[in-house]
Amino acid sequence: MTAARTDWWVVVLVVAAGIAASLQIGKAAIAIPLLQAETGRDLAVLGWVSSIFAVLGLFGGVPVGALATRFGDRRILLLGLMLLALGSALGAATSGFGLLLACRVVEGSGFLMVSVSGPALLRRCVGEHDREIAMALWSCFMPAGMALAMLLGPLFGGWRAIWLGGAGFALACEIAVASRVPASAAGAAVSWRQLAIDAGGMFRTRGPLLLSLCFALYAMMFFAVLSFLPVLLIERMHSSLAIAGLLSGLATAGNIVGNLIAGVLLARGVSRLTVLAGASFAMGLAAVFVFLPLLPPAGAFLSGILFATAGGFIPATLLSTAAALAPRPNLVPASIGLLMQGSNLGQVLGPAVVGLVISGIGWTSAAALVAVLALLAMLTSFGLRSDLAGLSRPRS
């Protein structure tokens, strides 16, 4: 069911909920040095403060989508925001690292609920002509929330204050969503047995499965390059850590711009296949100039911005396409959940694989690896040709 007209306040509030969720990922990057000083634990252990979100998303996307189908997207979004606020607030009050990780599991569950139910809710509440723009705005939630955490995190007095700030933001978004976003009537009549059959069937549905693979390849490229860009800037440009972080944040902002441009292109009827394949090619080409000393240091940095900007075209396109390729309207949340599982698979594998390759062979090998991933993403996009046929229509 699609709304006859778009309530843009609903779009703003749902996107704000997504930003509140991704802020919980970004705050960990700021807090890890503070946690290391307080707990004395090494970075390998503290890395779980961040990576636990990706591990939960790797396995929970489709099940959470099934819950959204059963109970309604708004209820799952509100529950997710509540878990974000609760987990963050309890985490600020913990005295042990084990308890902090348990609270991060609560937060990660909330993040997954918000990230899966948000686009499903937008598809229901947005008019058809505005759908691509709304999905492009939603796809900005991850880089926007992480950038916000990077920008504001250092202004707080310590990691506990950062956690409390994250809890407050999530709670404020929950109140706003509850007061303005309309409830869904869908899902109440779906049996648990049928729901399990439908959710399992998503893993055998060609279109959503290829979209998930494409998102996994994109996430591997994006997080691999952006994770090592600060190190590259320090080595190649002799930047300080603060300047390298600022420049990396600028590159991440380019990703937001790419998401928005993709929404405009899709709304004007540009082929999704063209957007996906073209963006994948641009990412692979830009990565070569990032990792190889073919350009001066400033040129390598500009290539990093191009890489992130081109990459922004992909999430916006995949999110709107996943909803369109769902086998039935009530399976939109499960289709998006499968897409998010692909994204989290890439987040887990990308930095680890590229880091291993760089350690063993060097920066040259990283360029080759990302170029191969870009080629695979292009081939996956072409594999979607028949599924995407007829989805791109010019705006009337």
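The structure places CG of Leu83 at 9.5 Å from CD1 of Ile76, a figure rounded to the nearest 0.5 Å. The CG atom of Leu345 sits 7.5 Å away from the CE atom of Met220 when rounded to the nearest 0.5 Å. Within the model, atoms CZ of Phe156 and CG of Leu164 stand 9.0 Å from one another, a figure rounded to the nearest 0.5 Å. To the nearest 0.5 angstrom, Leu86 atom CG is 10.5 Å from Leu171 atom CG. Distance check, rounded to the nearest 0.5 Å: CZ of Arg206 to CG of Leu211 gives 10.0 Å. Here Ile314 contributes atom CD1 and Met283 contributes atom CE; the two are 5.0 Å apart, rounded to the nearest 0.5 Å.
Just one of Arg272, Arg123, Arg268 meets the salt bridge (Lys or Arg N to Asp or Glu O under 4.0 Å) condition when paired with Glu132; it is Arg272. The one candidate from Val12, Leu13, Val11 that meets the side chain to side chain contact (heavy atoms under 4.5 Å, CB included) condition with Val15 is Val11.
The shortest side-chain heavy-atom distance between Arg74 and Pro182 does not fall under the 4.5 Å cut-off. You'll find the side chain of Leu265 reaches within 4.5 Å of the side chain of Phe313, heavy atoms only.
Within 6.0 Å of atom CH2 in Trp9, 12 or fewer heavy atoms from other residues, nucleotides or ligands are found, so the atom counts as exposed in its surroundings. Atom CZ of Arg75 sits in a sparse spot, with 12 or fewer heavy atoms from other residues, nucleotides or ligands closer than 6.0 Å.
Identified under the side chain to side chain donor-acceptor pair (under 3.5 Å) test for residues 83-97, with sequence neighbours left out: Lys27-Ser88.
Linking ILVMFWY side-chain heavy atoms closer than 4.5 Å, directly or via other members, places Trp8 and Leu121 in a single hydrophobic cluster. If you chain together hydrophobic residues whose side chains sit under 4.5 Å apart, Val264 and Leu137 fall into the same group. At a threshold of 4.5 Å between side-chain heavy atoms, the hydrophobic network of Ile, Leu, Val, Met, Phe, Trp and Tyr places Val62 and Val348 in two separate groups. Put simply, Leu306 and Met221 are part of two different groups of oily side chains (I, L, V, M, F, W, Y) that touch within less than 4.5 Å, one to the next. Hydrophobic clustering places Phe53 together with Phe59 (ILVMFWY residues linked when any side-chain heavy atoms are closer than 4.5 Å, directly or through intermediates).
Judged by distance alone, with hydrogens and angles left aside, the side-chain atoms of Ser117 form no donor-acceptor pair with the main-chain N or O of Ala68 at under 3.5 Å. Within the 3.5 Å criterion, the main-chain N or O of Ala136 finds a donor-acceptor partner in the side chain of Ser139. When atom types are taken as modelled, the side chain of Ser212 and the backbone of Pro208 share no donor-acceptor pair closer than 3.5 angstrom. The main-chain N or O of Val290 is never found under 3.5 Å from a side-chain atom of Ser303 such that the two would form a donor-acceptor pair. In this structure, the side chain of Thr380 does not engage the main chain of Cys214 through any donor-acceptor pair within 3.5 Å.
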### Task
I would like to know whether Leu260 and Cys140 meet side-chain contact (heavy atoms from CB on, under 4.5 Å); could you show each step before the answer?
CA-CA 8 Å; Leu260 297 177; Cys140 296; 3.7 Å; yes

### Task
Begin from the C-alpha positions of Met142 and Ile25 and carry the test side-chain contact (heavy atoms from CB on, under 4.5 Å) through to its verdict.
CA-CA 9 Å; Met142 182 68 83; Ile25 297 178; 3.9 Å; yes

#### Entry: Derivation of the side-chain contact (heavy atoms from CB on, under 4.5 Å) call for Val106 and Leu90
CA-CA 10 Å; Val106 175; Leu90 291 177; over 6 Å; no

#### Entry: Worked check of side-chain contact (heavy atoms from CB on, under 4.5 Å) between Leu58 and Val55
CA-CA 5 Å; Leu58 179 59; Val55 173; 5.5 Å; no

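A pairwise comparison of heavy atoms in Gly26 and Ala149 identifies C-CB, 3.5 Å as the closest pair. Closest non-hydrogen pair, Gln341 versus Pro63, comes out as OE1-CD, 3.8 Å. Here the closest heavy-atom approach between residue Gly207 and residue Leu384 is recorded as O-CD2, 3.7 Å. Here the closest heavy-atom approach between residue Ala374 and residue Gly284 is recorded as CB-CA, 3.5 Å. Between Ala219 and Ser343, the closest heavy-atom pair is CB-O, 3.3 Å. Closest non-hydrogen pair, Leu318 versus Leu339, comes out as O-CD2, 3.6 Å.
Taking the six-membered ring for Trp and thresholds of 30 and 60 degrees, Trp163 and Trp159 have ring planes more than 60 degrees apart, a perpendicular arrangement. Using a 30° and 60° split on the angle between ring planes, Phe307 and Phe222 fall in the parallel class, below 30°.
Under the side chain to side chain contact (heavy atoms under 4.5 Å, CB included) criterion, Val257 pairs with Ile261, sequence neighbours left out. With sequence neighbours left out, the side chain to side chain donor-acceptor pair (under 3.5 Å) criterion links Ser381 to no other residue.
Comment: Arg131 does not engage Glu128 in a salt bridge, judged by the lack of any side-chain N to carboxylate O separation of less than 4.0 angstrom. Note on Arg180 versus Asp7: salt bridge recorded, some NZ/NE/NH1/NH2 to OD/OE distance being below 4.0 Å.
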